[in-house]
Amino acid sequence: MSLVKPAQRPEDTWVTARSPAPATKNFAGRSVRRHLARGAVGFGLVVGSVALVPVAGPATLPAAPLALIAFRGCPTCWTVGLAQTISRGRPERRCADGVCTLSTARSMP
């Protein structure tokens, strides 16, 4: 964070300027329905593999890591992706050079 003196303000006024936010990884899916289906498969694999241990023994535990494929990472990544998928297409505020505009969120490439 650095201090910047704007041209339109008096000489004795200082404001704080922040560097632009770093680009974030996009975890969003193509649709909410598909994202929820991947979550159901992932959570089903985790719960099923642990719940079946008393019945089938530890042979069911190798199914749990397969959930990482369904989640495309960890459950937290899946949750962040769900929020991004739901919020895609909603209005967002963009500010540049002191002027803020309201536009829709960028769609996935």
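The chain is numbered in sequence order, starting from 1.
From Arg38, atom CZ reaches atom CZ of Phe43 across 11.0 Å, with rounding to the nearest 0.5 Å. Annotation: the span from Arg34 atom CZ to Thr85 atom OG1 amounts to 11.0 Å, rounded to 0.5 Å.
Shown here for Phe71 and Cys74, the closest heavy-atom pair between the two residues is CB-O, 3.9 Å. Heavy-atom minimum distance, Val53 versus Ser49: CG2-O, 3.3 Å. Nearest heavy atoms, Pro54 versus Ala51: CD-O, 3.2 Å. Heavy-atom minimum distance, Ala67 versus Val46: CB-CG2, 3.5 Å.
Side chains of Thr60 and Val55 form no contact here, defined as non-hydrogen atoms less than 4.5 Å apart. Counting heavy atoms from C-beta on, the side chains of Trp78 and Arg72 never come closer than 4.5 Å.
Taking Ile, Leu, Val, Met, Phe, Trp and Tyr as hydrophobic and joining them when side-chain heavy atoms fall under 4.5 Å apart, one finds Leu45 in a cluster with Val41, Leu66, Ile69.
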